Number of protein chains: 2
Amino acid sequence: MHSRSPASRTGRPRSAAADAAILAATREALVDLGWSKLTLGDVATRAGVAKTTLYRRWAGKNELVVDAVAELFDALELPDRGSLAADIEGVVLQFAAILALPEAKSGLMAVVAEATRDDALRERVRASVVDRQKRLVLEGRARAQARGELPPEPDPGAAARTADLIFDMVAGAVVHRTLVSGQPVDEEWVRGFTQVLLRGLTAQSTRPVAG
Amino acid sequence: MHSRSPASRTGRPRSAAADAAILAATREALVDLGWSKLTLGDVATRAGVAKTTLYRRWAGKNELVVDAVAELFDALELPDRGSLAADIEGVVLQFAAILALPEAKSGLMAVVAEATRDDALRERVRASVVDRQKRLVLEGRARAQARGELPPEPDPGAAARTADLIFDMVAGAVVHRTLVSGQPVDEEWVRGFTQVLLRGLTAQSTRPVAG
DNA sequence: GGCTTTCGCTACGAGTCGTAGCGTAATGCC
DNA sequence: GGCATTACGCTACGACTCGTAGCGAAAGCC
């Protein structure tokens, strides 16, 4: 999006160290102050840069926090644990661990709330945060279909809709549990969740999913 | 919580009309301005009351918006549609319709974000908004167990955990679909969601749930 | 009428916002 | 080395919002 695709234009280049310091300072301020009391002036002071430098790179608080929080989700991976249930449990626990961080808690939902009235911000969140999570769903699903644990979906449209549905169910449940209910996503909860997701509510809840 | 449980103490009583006007003005301001640009001064002007009156009744923006948004969820009901699947679909569509309102969209998530750092606010959200939704889960579940559609759960502890799980899955998926993915919760999506919730991902997605 | 509480209004200091202006620093090109 | 160009740090600024204090008037109960 930025017009610096060519190797580097003339003039003094932007300091990459400043970028990293600003984003780290933003997360630190999120922990100390939370979203509402976070000010760009304070972030600039913490990062050791001038306030004007912040405004030269980010349009405002929303965009800055999106970038700061997005980095937290870089750690998400999908290790092969042998079964779909184990894969889901592993990824959900990872996701929940990130969401439980105070810098993610206070920043992410606030930005999502702002994004309901700002299409550009919503797109930024989608590209920086959501798509990175959704990719795990696509990979895990393909892996499970290759294992024969999930029925194949030849129609690409239906496959995309199902992937979106799974993504909203998984991410939504974890986010709701963490931020709205305020309860921990521990192993017991994850087992129950995976059970329902794979077998449904109508199954006996004590029957193991791997059968 | 307020110390006005006795019929009415001495002195001039608070105007109930002012309360209603303020909450309505808050929702109106949420639609026009969104959470971040909403100011209590503006709400007071819209409601035709003095700014000081607002501060006498609510501690701040957070508490005011919680009360304003909570009223939107009064309309939630659980009509008996004959089967668990139909009950779920009906309630989810109701919930989604409320969440799609701009005053709910912009306000609810912002308040939840703030509640991650404010235990009193979290409790207020729980009592005003969340419990009202969770009650529907409890009723619907009991009804389905009476019908024989869900296995009974004799252990009260396990029953409570399962109810919490269902609630986080239902509400979380709808909220995530609406606010994060930014996609509509239409009948097609609700059918797919109910299918997965009741039968699980491993079931053939085209097989009807009612068998 | 007297007591108590609420209401509308005005005014205020404190804090934040986002920007403008200026001199300096760092790079690419010649 | 010199020049153009861009980024940086710093200061200052008007505009806005916040939450509160103080006042006189209004609306109830005894």
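Residue numbering restarts at 1 for every chain, and letters A, B, ... go by the order of the sequence lines. Just so we're clear, the structure is a prediction, and the values are computed from it rather than from any experiment.
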Can you say whether the rings of B/F167 and A/H176 are parallel (under 30°), tilted (30 to 60°) or perpendicular (over 60°)?
-> perpendicular

Could you grab the distance from atom CZ of A/R46 to atom CZ of A/R27, nearest 0.5 Å is fine?
-> 13.0 Å

Of all residues at least two apart in sequence or in a different chain, which pass the side-chain hydrogen bond (donor to acceptor under 3.5 Å, both in side chains) check with A/D131?
-> A/R126

Answer yes or no: side-chain N or O of B/R12 and base N or O of C/dT6 forming a donor-acceptor pair under 3.5 Å.
-> yes

How close or far is atom C1' of D/dC8 from atom CH2 of A/W58, stated in whole angstroms?
-> 14 Å

Measure from CG on A/D19 to C1' on D/dA7 and round the result to the nearest Å.
-> 12 Å

Spell out yes or no: do the side chain of A/R14 and the base of D/dA7 have one donor N/O and one acceptor N/O closer than 3.5 Å?
-> no

Closest to the side chain of A/T10, out of D/dC18, D/dC8, C/dG28, is C/dG28

Identify, between B/K61 and B/G11, the residue whose nearest nucleotide on DNA chain D lies closer to the 5' end.
-> B/K61

Give, ordered by number, those residues of residues 47-56 of chain B having at least one heavy-atom distance below 4.0 Å to an atom of DNA chain C; if nothing qualifies, reply none.
-> B/G48, B/V49, B/A50, B/T52, B/T53, B/R56

For B/L40 and C/dG8, give me the distance from atom CG to atom C1', rounded to whole Å.
-> 17 Å

Roughly, in whole Å, what's the span from CG in B/L38 to C1' in D/dC16?
-> 15 Å

Between B/E63 (CD) and D/dG19 (C1'), how many Å, whole number?
-> 14 Å

More than 12 foreign heavy atoms under 6.0 Å from CD of B/E123: is that the case here?
-> yes

In terms of side-chain heavy atoms, does A/S36 have a donor or acceptor partner in B/E114 at a distance below 3.5 Å?
-> yes

Of B/L30, B/V65, B/L38, which meets side chain to side chain contact (heavy atoms under 4.5 Å, CB included) against B/V43?
-> B/L38

